[in-house]
Amino acid sequence: MTHIDLFDDCYKADNIESLSRIIYESILYYAYDEFQLLDGDHQKMFLKAFNTKFKYNYSANDLAKLKLGIYGEALLYAILKVYYGNETLVSRGYFYDMQKKSEVTGYDCFHLIQTENEIQLWFGETKFYQDVKGAINKVFDNIQKAISDDYLINTNFTTILQSKGNIADKESTIYKILDKWDKSIIENLEQELIDNNIKLVYPILITYDLVNDNYEQSIKTAIQHINDNYKDIEFGNISIDFSIFFILIPIESAKTCKETIIKWIDSKEPLTL
């Protein structure tokens with residue numbers, strides 16, 4: 001497995017409580033887009049998000065709360081925004097199915113990036129596990145499904161298309177392409193993506209416990225596990241250009257980090273940012 005122009009990135013979190021705070025407060029911006037947040041009561045919107053946008057059950061047991069994906073999803077949002085300069089096209093809150101009371105199946109992040117030469121779809125995934133090998137295995141269980149025309153277009157792209165109004169610059173190439181597609185019948189969307197030089201970028205964030213309390217060993221363990229088990233994987237069901245890269249964050253304790261966030265959610269800890 002190779003990627004074209006992105007390199008895997010590794011980050012070190014020295015203070016687990018500070019990381020927990022970043023994740024906790026990022027949930028607000030992950031749940032709502034900038035238009036929804038404008039002139040809103042952020043504290044009330046934050047509390048409302050857990051009832052209307054996420055399947056958070058205050059009365060659930062600790063194990064059920066620890067299994068929720070929101071912690072890694074909010075962290076991935078924050079990392080892509082701060083370190084990669086990506087703006088969210090569609091907030092994750094749009095993908096909550098009120099009838100089923102669950103999140104719609106799909107990617108963990110949704111970004112459209114316009115560069116000088118191309119348009120990039122950043123649709124990624126995140127795992128927040130204690131065991132890095134288990135997290136990596138879980139990623140590769142479904143990665144060929146995620147990196148495919150069917151999943152990209154049929155499962156998710158309709159929602160992206162419907163959210164073109166979130167793009168502030170109506171003169172941008174991205175908006176014009178989406179507007180054209182929205183106002184006409186597209187016989188072959190895969191070919192349209194190719195013709196408009198649109199590529200898929202698939203970031204994979206894995207947050208996990210340090211291996212033997214050693215940062216360097218933690219990174220090497222993750223890379224070695226990928227190379228030993230998944231280096232020959234192929235993606236034959238996607239038409240457009242794509243690249244995959246990993247973001248690795250070994251931390252002192254994934255469980256402690258989640259438990260801290262859960263404590264703040266349950267006690268309705270005030271936002272500070």
Side-chain angles (χ1 to χ4, degrees), residues 3-6 26 28-40 49 53 73-74 76-98 103-126 143 145-204 235 237-245:
H3 53 62
I4 298 170
D5 54 6
L6 292 170
S26 294
L28 173 69
Y29 304 97
Y30 181 59
Y32 300 97
D33 62 41
E34 61 179 297
F35 302 102
Q36 293 172 303
L37 290 171
L38 188 64
D39 298 325
K53 293 180 177 290
E73 292 164 6
L76 177 59
Y77 161 83
I79 288 174
L80 292 182
K81 184 175 181 63
V82 173
Y83 289 101
Y84 299 90
N86 292 358
E87 295 295 335
T88 306
L89 174 68
V90 185
S91 66
R92 185 58 171 172
Y94 277 97
F95 293 85
Y96 188 82
D97 188 325
M98 291 298 293
E103 293 176 1
V104 176
T105 301
Y107 302 101
D108 291 335
C109 70
F110 298 81
H111 300 258
L112 277 179
I113 310 300
Q114 183 175 318
T115 67
E116 185 176 344
N117 299 316
E118 66 183 6
I119 293 173
Q120 298 176 352
L121 308 173
W122 284 57
F123 295 171
E125 183 175 3
T126 178
I143 197 168
K145 175 185 175 182
I147 311 296
S148 68
D149 288 342
D150 181 67
Y151 200 59
L152 172 66
I153 296 169
N154 298 331
T155 303
N156 289 280
F157 208 81
T158 300
T159 305
I160 299 298
L161 189 60
Q162 291 171 347
S163 302
K164 74 175 191 297
N166 290 12
I167 300 174
D169 184 2
K170 306 305 182 189
E171 297 301 316
S172 66
T173 303
I174 291 176
Y175 183 85
K176 289 178 179 178
I177 291 173
L178 292 178
D179 193 50
K180 171 193 169 185
W181 292 348
D182 197 25
K183 294 176 179 178
S184 59
I185 296 175
I186 304 300
E187 299 292 342
N188 188 329
L189 188 50
E190 292 93 333
Q191 189 60 48
E192 280 284 317
L193 295 174
I194 295 170
D195 292 344
N196 285 284
N197 200 23
I198 296 176
K199 70 174 290 187
L200 171 67
V201 178
Y202 195 73
I204 302 167
F235 301 91
N237 295 316
I238 186 165
S239 303
I240 66 172
D241 188 18
F242 71 96
S243 60
I244 301 168
F245 74 103

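Below, all heavy atoms of this structure are taken into account, side chains as well, without hydrogens, waters or symmetry copies. We're numbering straight along the sequence, starting at 1.
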Taking it one step at a time, do Phe245 and Val201 satisfy side chain to side chain contact (heavy atoms under 4.5 Å, CB included)? CA-CA 8 Å; Phe245 74 103; Val201 178; 3.9 Å; yes

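- Aromatic rings of Trp122 and Tyr77 (six-membered ring for Trp) have centroids beyond the 6.0 Å cut-off, not under it.
- In this structure, CD1 in Ile198 is found 8.5 Å from CD in Glu192, a value given to the nearest 0.5 Å.
- In this structure, Tyr84 OH and Leu76 CG are separated by 9.5 Å, a value rounded to the nearest 0.5 Å.
- Here the straight-line distance linking atom OG1 of Thr173 with atom CG of Asn197 works out to 11.0 Å at 0.5 Å rounding.
- Ring-centre distance between Tyr202 and Phe235: not below the 6.0 Å cut-off.
- Side-chain contact between Ile204 and Ile244 is present, with at least one heavy-atom pair separated by less than 4.5 Å.
- Residues forming a salt bridge (Lys or Arg N to Asp or Glu O under 4.0 Å) with Glu190 (at least two apart in sequence, or on another chain): none.
- Here the CG atom belonging to Leu193 is positioned 6.5 Å from the CG atom belonging to Leu152, to the nearest 0.5 angstrom.
- Legend: residues meeting side chain to side chain donor-acceptor pair (under 3.5 Å) with Asp195, ordered by chain and number and at least two apart, are Gln191.
- A side-chain donor-acceptor contact under 3.5 Å links Asp149 to the backbone of Ser239.
- In this structure, CG on Asp182 lies 8.5 Å from OH on Tyr175, to the nearest 0.5 angstrom.
- Here the closest heavy-atom approach between residue Ala74 and residue Ser26 is recorded as O-CB, 3.7 Å.
- Here the closest non-hydrogen pair linking Gln36 and Lys53 is NE2-NZ, 4.0 Å.
- Taking every heavy atom of both residues into account, Ile177 and Asn196 meet most closely at CD1-OD1, 3.4 Å.
- Qualifying side chain to side chain donor-acceptor pair (under 3.5 Å) partners for Asp179, counting only residues two or more places apart in sequence or in other chains: Lys183.
- Summarising the geometry, atom CD1 belonging to Ile119 is positioned 13.5 Å from atom CG belonging to Leu200; distances are rounded to the nearest 0.5 Å.
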